[in-house]
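To start, the structure under review is shown below, and the notes come after it.
Just so it is clear, the model here is predicted, and its values are computed rather than measured. One-based numbering, in listed order, for ligands and for the atoms of each.
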Amino acid sequence: MPIPTITAFARSPDRGRGLARDMRVRWALEEVGQPYEVRLVTFAEMKEAGHRALQPFGQIPTYEEGGLALFESGAIVLHVAERHAGLLPDDANARARAIAWMFAAVGTVEPPIVEREMATYAERDKAWYAERLAMLEERVRGRLGELSERLGEADWLDGAFSAGDLLMVHVLQRLGRTGMLGEWPNLAAYVARGEARPAFRRAFAAQLAVFASRAPT
Ligand code: GTB
């Protein structure tokens with residue numbers, strides 16, 4: 001396979017905390033042992049036609065490999081998982097279930113988490129902010145409670161670690177400073193297990209190195 005190139009923020013607003021979605025792609029590539037290159041893009045560059053040809057919404061990450069160009073972090077992780085061993089089970093039914101967990105991460109669990117976070121940036125000065133935040137947090141708690149119930153005492157969502165866990169752990173990390181994860185000790189332990197994986201650590205270090213090399217001194 002040709003060495004893929006992904007895009008990432010030249011200056012990540014998360015200050016190297018690994019919350020931007022290139023992190024999940026880096027992690028997947030590290031899990032399967034696929035080397036990759038990174039092209040850093042500024043906010044202005046992301047909105048230019050050249051980048052929009054790769055990512056119609058002017059966002060990161062993107063993924064280029066030979067003649068293939070992909071966007072959407074979930075689709076990119078699925079592509080990596082399908083082309084390499086290690087992130088999806090061989091058994092067809094187990095594989096389908098792991099893919100369902102990938103969709104659950106980006107389609108069911110991530111949206112309320114992001115909506116809550118966006119409200120804290122964009123709606124903080126509104127008269128109704130406290131009431132809305134409480135409602136959004138209840139939505140997040142609803143999802144976390146359901147996920148916690150399903151995970152139970154298992155290490156991973158469905159048997160061995162899969163791309164479903166990779167995406168779910170990254171989605172849950174976005175709750176980092178809210179303290180909400182701590183309300184479900186099994187979810188907090190689940191995220192910690194993901195973060196302890198050597199591939200996660202390598203990916204995290206790589207994205208942190210970008211921030212460190214570009215941070216104003
Ligand atoms: N659904 C797409 C995918 O999964 O690939 C969403 C991609 C997306 O939201 N990309 C964000 C982006 O490019 C970066 S990751 N935003 C710029 C824009 O839309 O103009 C989201 C993100 C950004 C910042 C933090 N942070 O600072 O903590 C966390 C996550």
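Taking the side chain as every heavy atom from C-beta outward, Leu54 and Arg39 approach each other to under 4.5 Å. Under the 4.5 Å side-chain criterion, counting only non-hydrogen atoms from C-beta, Glu31 is in contact with Arg197.
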Steps toward side chain to side chain donor-acceptor pair (under 3.5 Å) verdict (Tyr36, Gln34)
CA-CA 6 Å; Tyr36 61 98; Gln34 171 64 54; over 6 Å; no
Please table the atom pairs, donor to acceptor, closer than 3.5 Å between any side-chain atom in residues 172-186 and protein atoms at least two apart or in another chain.
{"from": "Gln173", "atom 1": "NE2", "to": "Glu195", "atom 2": "OE2", "distance (Å)": "2.7"}
{"from": "Arg174", "atom 1": "NE", "to": "Glu117", "atom 2": "OE1", "distance (Å)": "2.9"}
{"from": "Arg174", "atom 1": "NE", "to": "Glu117", "atom 2": "OE2", "distance (Å)": "3.4"}
{"from": "Arg174", "atom 1": "NH2", "to": "Glu117", "atom 2": "OE2", "distance (Å)": "3.3"}
{"from": "Thr178", "atom 1": "OG1", "to": "Leu175", "atom 2": "O", "distance (Å)": "2.6"}
{"from": "Thr178", "atom 1": "OG1", "to": "Met180", "atom 2": "N", "distance (Å)": "3.0"}
{"from": "Glu183", "atom 1": "OE1", "to": "Arg141", "atom 2": "NE", "distance (Å)": "2.8"}
{"from": "Glu183", "atom 1": "OE2", "to": "Arg141", "atom 2": "NE", "distance (Å)": "3.3"}
{"from": "Glu183", "atom 1": "OE2", "to": "Arg141", "atom 2": "NH2", "distance (Å)": "2.9"}
{"from": "Asn186", "atom 1": "OD1", "to": "Ser148", "atom 2": "OG", "distance (Å)": "2.8"}
{"from": "Asn186", "atom 1": "ND2", "to": "Ser148", "atom 2": "O", "distance (Å)": "2.9"}
{"from": "Asn186", "atom 1": "ND2", "to": "Ser148", "atom 2": "OG", "distance (Å)": "3.3"}
{"from": "Asn186", "atom 1": "ND2", "to": "Gly152", "atom 2": "O", "distance (Å)": "3.0"}

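With sequence neighbours excluded, no residue satisfies salt bridge (Lys or Arg N to Asp or Glu O under 4.0 Å) with Glu48. In terms of the side-chain hydrogen bond (donor to acceptor under 3.5 Å, both in side chains) criterion, residue partners of Glu123 (sequence neighbours excluded) are, by chain and number, Arg132.
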When you pair each N or O of ligand 1 with protein N or O atoms, which pairs come out under 3.5 Å?
{"from": "ligand 1", "atom 1": "1 (N)", "to": "Glu72", "atom 2": "OE1", "distance (Å)": "2.7"}
{"from": "ligand 1", "atom 1": "1 (N)", "to": "Glu72", "atom 2": "OE2", "distance (Å)": "3.2"}
{"from": "ligand 1", "atom 1": "4 (O)", "to": "Glu72", "atom 2": "OE1", "distance (Å)": "3.4"}
{"from": "ligand 1", "atom 1": "4 (O)", "to": "Ser73", "atom 2": "N", "distance (Å)": "3.3"}
{"from": "ligand 1", "atom 1": "4 (O)", "to": "Ser73", "atom 2": "OG", "distance (Å)": "2.6"}
{"from": "ligand 1", "atom 1": "5 (O)", "to": "Ser73", "atom 2": "N", "distance (Å)": "2.8"}
{"from": "ligand 1", "atom 1": "9 (O)", "to": "Arg21", "atom 2": "NH1", "distance (Å)": "2.6"}
{"from": "ligand 1", "atom 1": "9 (O)", "to": "Gln59", "atom 2": "NE2", "distance (Å)": "3.4"}
{"from": "ligand 1", "atom 1": "10 (N)", "to": "Ile60", "atom 2": "O", "distance (Å)": "2.8"}
{"from": "ligand 1", "atom 1": "13 (O)", "to": "Ile60", "atom 2": "N", "distance (Å)": "2.9"}
{"from": "ligand 1", "atom 1": "19 (O)", "to": "Gln59", "atom 2": "NE2", "distance (Å)": "3.0"}
{"from": "ligand 1", "atom 1": "20 (O)", "to": "Lys47", "atom 2": "NZ", "distance (Å)": "2.5"}
{"from": "ligand 1", "atom 1": "27 (O)", "to": "Asp14", "atom 2": "N", "distance (Å)": "3.1"}

